Amino acid sequence: MCSEGADMEKELDRKLKGRVDTQKGNTNIDGGWAWMVVLSSFLVHLLVMGSQMALGILNMEWLEEFNQSRGLTAWVSSLTMGITLIVGPFIGLFINTCGCRKTAMIGGFLTSLGWVLSAFATNVHFLFFTFGVMAGIGSGMVYLPAVVIVGQYFQKHRALAQGLSTTGTGFGTFLITVLLKYLCAEFGWRNAMIIQGAITLNLCVCGALMRPLDHIEKCSMEKTGVHKTAKEVSLLEADVGKANTTLPEEGEDTAVPWCKEDSSNGTVKKDITKLGILKSLTRLTVTVRCGFWAWYSSYFGAASLFTNKVFVAFVVWALLAYCSFVIPFIHLPEIVELYGMEEQNNIFPLTSVIAIVHIFGKIFLGYIGDLSCVSAWNVFLASNFTMGICILILPLMQVYAALAVICALIGFSSGYFSLMPVVTEDLVGIKQLANAYGIIICANGISALLGPPFAGWIYDITQKYDYSFYVCGLLYMMGMICLLMEPCLQPKENNTKKTTDIPES
C-alpha cells in the first residue's frame, strides 16, 4: 500500500508539473472564459459573504421572535460565518475529487436549502442546524472553489482578478442589507428568508460557470491521465476483450443466422450494460482514490504543506490577524459613543467608510500586485503593517475627521484579502492551492469565532473598549513578525535544493 501510494504521488506530481506548459497554449488563460469565471466568483462573494455581513438585520428579527439572550442568538450568525471558513480543509478534498464546478453547485443547493428551512424555525436551536451548520457548510463549498478557480484561470493578472472577484463582498453587504430590510418590513422575516433562499439558488448557476480547464480539472480518467493500478488496468482490458469477442468489428462480415442473432441479442445488451457500469464504477473508484491521496498527502504525507516553514508562519499570521480585523466592526460604535460623535456618525457611519474604501483597496492592491516591478509579497506586507498600526492608534483619535481617516486606511489596507490567494499560490504552487487556501481560511474561521468573545473578555476585565484595540493590535503585529521571518526561513530551503542539485549535475 505504501509503495502504491508513493507511485501514485509521483505520477500526480509528474502530471501536475506539466500543467503550466498546457496552460500556456490555452486561450482562456488571462482572457476569454477567464473573465466569466471572475464574474462567477464575484457573484459568489456577493451572495455568500455579502449575505453573512448583512445578518445583523435578521439577528434583530430573531431576538424579537424567540425572546432569547443576545449571546445565544448571536451564535447563529457566528456559526454560519465560522463554519464557512473552518470547513475549508475538507472542501479541498471535494475539489481534488470532483473539481470546482460540481463542488460549488452542490454547495449552492445546500446554502439555498439552509435559508429556506430556516424560515420554518420554531426556536434558535433549530437555526443552529439549518442556518448555522447547513448553510455554513454549503457556503464553504461555494466560497473555496470560487477562489481556487480564479487562480487556475489567471497567471499574469492573478491579483487583479482576485481583487475584482472579492469586491462582491462589499457590494453584497450594501445590496443585501437593503434587500433584507425591505423584505422583512414588507413580508416578515420568514418570507424574507424564503425569497433570499430562492435568490441564493443562483449559486448553482455560478458554479456551472466554473468550467474546468482542459487537462486540469476533469473528473474522468481520460482527461486527467490519472494513474491506474495494475489490477484496474487488467480488469478493464479483460472486460474490453470480452466485449470485443462478443461484438463484431466495424466493417466485418456479420452473416449470422437470424435465430442465432435473436437469441444472442439479449446477452449482448446485458454484457454492454455490465461493461458500462463496471467502467463507471472503476473510473469513480480511481478518481476518489487519487483525489483522496492528493488531499491526504498535502496534510500528512512526506510533501505535507506543514513541512513548508514559510507556510506555517503564514497560518500563524492568519490565526492572529483575522481576530484583529473584526474588532473595529464590533467596538467602533462604542468608541463613537464614548467620544460623543453619534450625530456625525449617523450622517455617515464609519463602518460604511471602511466598507466603501475596502472595495477600492482590493482593486488597487490587486492591480499593484500584478506589476512586474512590484512583489505581491511586499505589497501584502506593507498593507498588513498599515492595518496593524491603524488598529493600534484608532482609540487615540478623538476627532471624527481623524477617526474617519484611520477607518479609511483600515478599509484600504484590508484590501490585502485580494492578495491572499496569490501569495498562497506563490508559497505552495497551483497544485496545492485548494488545500493550502483551505487551511488559511480555516485559521481565519477559528479566529473569527474566538475574536468577538476575546474582545468582550478584555472589556469585562478593563471596562474600557479601547483596550480591545490595543491588545488586538499587538496580536496583529505579532502575526506580522511571523511574516517578516520569511527571509530567514526561505534561504534554508533554497540551500538544501542547491546541495541536492550539485551531485546530479
Side-chain angles (χ1 to χ4, degrees), residues 40-41 43-63 65-66 68 72-92 94-95 100 102-147 168-169 172-173 175-177 179-181 183-184 187-208 326 438 441-442 444-446 448-449 452:
S40 171
S41 181
L43 294 175
V44 167
H45 282 82
L46 189 148
L47 292 172
V48 173
M49 308 308 291
S51 297
Q52 293 183 358
M53 298 298 289
L55 288 180
I57 305 299
L58 292 173
N59 190 66
M60 292 187 295
E61 298 290 339
W62 294 332
L63 282 171
E65 176 77 16
F66 302 117
Q68 296 291 335
L72 182 64
T73 307
W75 269 105
V76 179
S77 303
S78 297
L79 274 177
T80 186
M81 296 176 69
I83 290 178
T84 297
L85 302 177
I86 290 175
V87 297
F90 304 99
I91 304 305
F94 284 90
I95 294 177
C100 290
K102 293 181 180 178
T103 303
M105 293 179 71
I106 295 172
F109 177 76
L110 281 179
T111 306
S112 176
L113 184 62
W115 276 88
V116 173
L117 292 180
S118 298
F120 303 96
T122 55
N123 51 58
V124 175
H125 300 89
F126 188 94
L127 291 173
F128 286 168
F129 174 75
T130 57
F131 198 78
V133 178
M134 182 180 292
I137 294 176
S139 298
M141 294 183 70
V142 183
Y143 173 69
L144 183 59
V147 176
T169 301
T173 301
L175 296 176
I176 296 180
T177 298
L179 177 64
L180 286 179
K181 282 184 178 179
L183 293 177
C184 289
F187 306 104
W189 71 269
R190 295 184 185 274
N191 292 326
M193 295 199 73
I194 294 177
I195 296 173
Q196 182 62 28
I199 296 174
T200 305
L201 196 59
N202 286 288
L203 289 172
C204 295
V205 180
C206 297
V326 299
I441 64 175
C442 178
N444 286 338
I446 296 173
L449 278 178

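What you see is a predicted model, and the numbers here were worked out from it, not measured in a lab. By convention here, the first residue in the shown sequence is residue 1.
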Quiz item: Passes side chain to side chain contact (heavy atoms under 4.5 Å, CB included), I57 versus T177? Steps please.
Solution: CA-CA 7 Å; I57 305 299; T177 298; 4.2 Å; yes
Practice problem: Sort and list the pairs that fulfil salt bridge (charged side-chain N to carboxylate O under 4.0 Å, His left out) and have at least one residue in residues 187-208, not counting sequence neighbours. | Solution: E65-R190
Exercise. Look up atom CE in M193 and atom CG in L180, then write down how far apart they are to the nearest 0.5 Å.
Key: 8.5 Å
Quiz prompt | CE-CE distance between M81 and M49, expressed to the nearest 0.5 angstrom | solution = 6.5 Å
Quiz item: Do I137 and I83 come within less than 4.5 Å of each other through their side chains, counting heavy atoms only?
Solution: yes
Exercise. Might you point out which heavy atoms bring T130 and L117 nearest each other, and give the distance in Å?
Key: CG2-CB, 4.0 Å
Practice problem: May I ask you to test the I86-F90 pair for a side-chain heavy-atom distance under 4.5 Å? | Solution: no
Counting only pairs under 3.5 Å, give me each side-chain donor-acceptor contact of residues 195-206, with atom names and distances, residues two or more places apart or in other chains.
| from | atom 1 | to | atom 2 | distance (Å) |
| --- | --- | --- | --- | --- |
| Q196 | NE2 | S51 | OG | 3.4 |
| T200 | OG1 | Q196 | O | 2.6 |
| N202 | ND2 | I199 | O | 2.8 |

Quiz item: Is the CZ atom of F129 crowded by more than 12 outside heavy atoms at less than 6.0 Å?
Solution: no
Quiz item: Would you say F128 has more than 12 foreign heavy atoms packed within less than 6.0 Å of its CZ?
Solution: yes
Practice problem: Mind checking the CD1-CD1 spacing from I446 to I441? Nearest 0.5 Å is all I need. | Solution: 11.5 Å
Practice problem: Identify the heavy atoms of L85 and G445 that sit nearest to each other, and give their distance. | Solution: CB-CA, 3.5 Å
Quiz item: Can you tell if the side chain of N59 reaches within under 4.5 Å of the side chain of T73, non-hydrogen atoms only?
Solution: yes
Exercise. Determine the minimum heavy-atom distance between V48 and S139, stating which atoms define it.
Key: CG1-CB, 3.6 Å
Quiz item: Say you draw a straight line from CZ of F94 to CG of L144; how long is it, rounded to the nearest 0.5 Å?
Solution: 12.0 Å
Quiz item: Which heavy atom in G138 sits nearest to a heavy atom in L110, and how many Å separate them?
Solution: CA-CB, 3.8 Å
Practice problem: Please round to the nearest 0.5 Å and tell me the distance separating atom CH2 of W62 and atom CZ of F131. | Solution: 4.5 Å
Quiz item: When rounded to the nearest 0.5 angstrom, what is the spacing between CD1 in I91 and OG1 in T84?
Solution: 9.5 Å
Quiz item: Which atom names give the shortest non-hydrogen contact between G107 and V142, and what distance separates them?
Solution: C-CG2, 3.4 Å
Practice problem: Could you pull out the closest heavy-atom pair between I95 and C100, with the gap in Å? | Solution: CG2-SG, 3.9 Å
